[in-house]
Amino acid sequence: MAEEDRSFKGFGFIDSHAHLADPAFDSDRVDVIQRAKANGAEAVICIGSGSGAGDVLGAARASESVALENPGFVWFTAGVHPHDASGFDHRNDIEAIRAHADRGAVGIGECGLDYHYDNSPRLEQRRAFAAQLALARECSLPVIVHTRDAEDDTAAMVAEAGQAGVRGVLHCYTGSHRLAEAGISAGWYVSFSGIVTFKKWTDDELLRLVPNERILAESDAPYLAPVPNRGKRNEPAWVSHTVARLAFARGVSNENMARTVADNARALFKLA
Ligand SMILES: [Zn+2]
């Protein structure tokens, strides 16, 4: 009985951010998706960016394939990661992302700014991010934003996009309260990953600061597995642990928290 109480079966969360097309899942992707369903996942957003060397939209094509193989459960996005911004072609890559949007991508990204690693020059990161925000506006799609050590520029660009009617999510959020509040007042969502289950996590105030209708949960699989699976390859099934941690911080039931993040993911990504 106690074990059943800890189970999320039927609780219906949505993983708002997973790299299911990553080669880390090539050997057992079908099983990973099966386990996600068995553990209560109602959908997974498969993030189509971050391919690395040379082919900046390779991950978008791979994500579209995973979505096509799992209709109604896996949804895909397309975009260019800030790490890849220096390889971003402003004409061809935007047209390629637009073509993905026409074929059913539910979001643009992940894109954004990463001044921690600085894998691409900051000016090129801002240009690639701005181009994708503009495309999101044209396509009426939400934007999945990666931001690290770039709070002022992120806040400014998100606020401007918000004024233009663009919505999106600050994904795997671990930043300041100020940036979270800037996103929320722009009409955006904030998504938390397994990092909030780590022992070193201390900012439960941040977990309470996000309004009910703007909070999301994500795996960011294959990275950032939550406790008790920390250090392993992550998978969407384990978002249940992150949902439980959010529920604890916010003083609501696991079931209630799961329903909240699922409803919000459905609203943001307009899932059918
Ligand atoms: Zn990611």
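Since this is a predicted model, take the numbers as computed values, not measurements. Counting convention: from 1, in listed order, for ligands and their atoms alike.
The Zn ion (ligand 1) has an N, O or S atom of His17 inside 2.8 Å of it.
Annotation: cation-pi pair Arg230/Phe198 present, NZ/CZ under 6.0 Å from the ring centroid and within 45° of its normal.
Residue Glu110 approaches the Zn ion (ligand 1) most closely through its N/O/S atom OE2.
Glu235 and Ser219 form no side-chain donor-acceptor contact under 3.5 Å, judged by distance and modelled atom types alone.
Using a 30° and 60° split on the angle between ring planes, His81 and His83 fall in the tilted class, from 30° to 60°.
Under 4.0 Å is where a charged nitrogen must lie from a carboxylate oxygen, and between Glu42 and Lys37 no such pair does.
Taking the Zn ion (ligand 1) as the apex, the angle formed with OD1 of Asp220 and NE2 of His19 is 90°, to the nearest 10 degrees.
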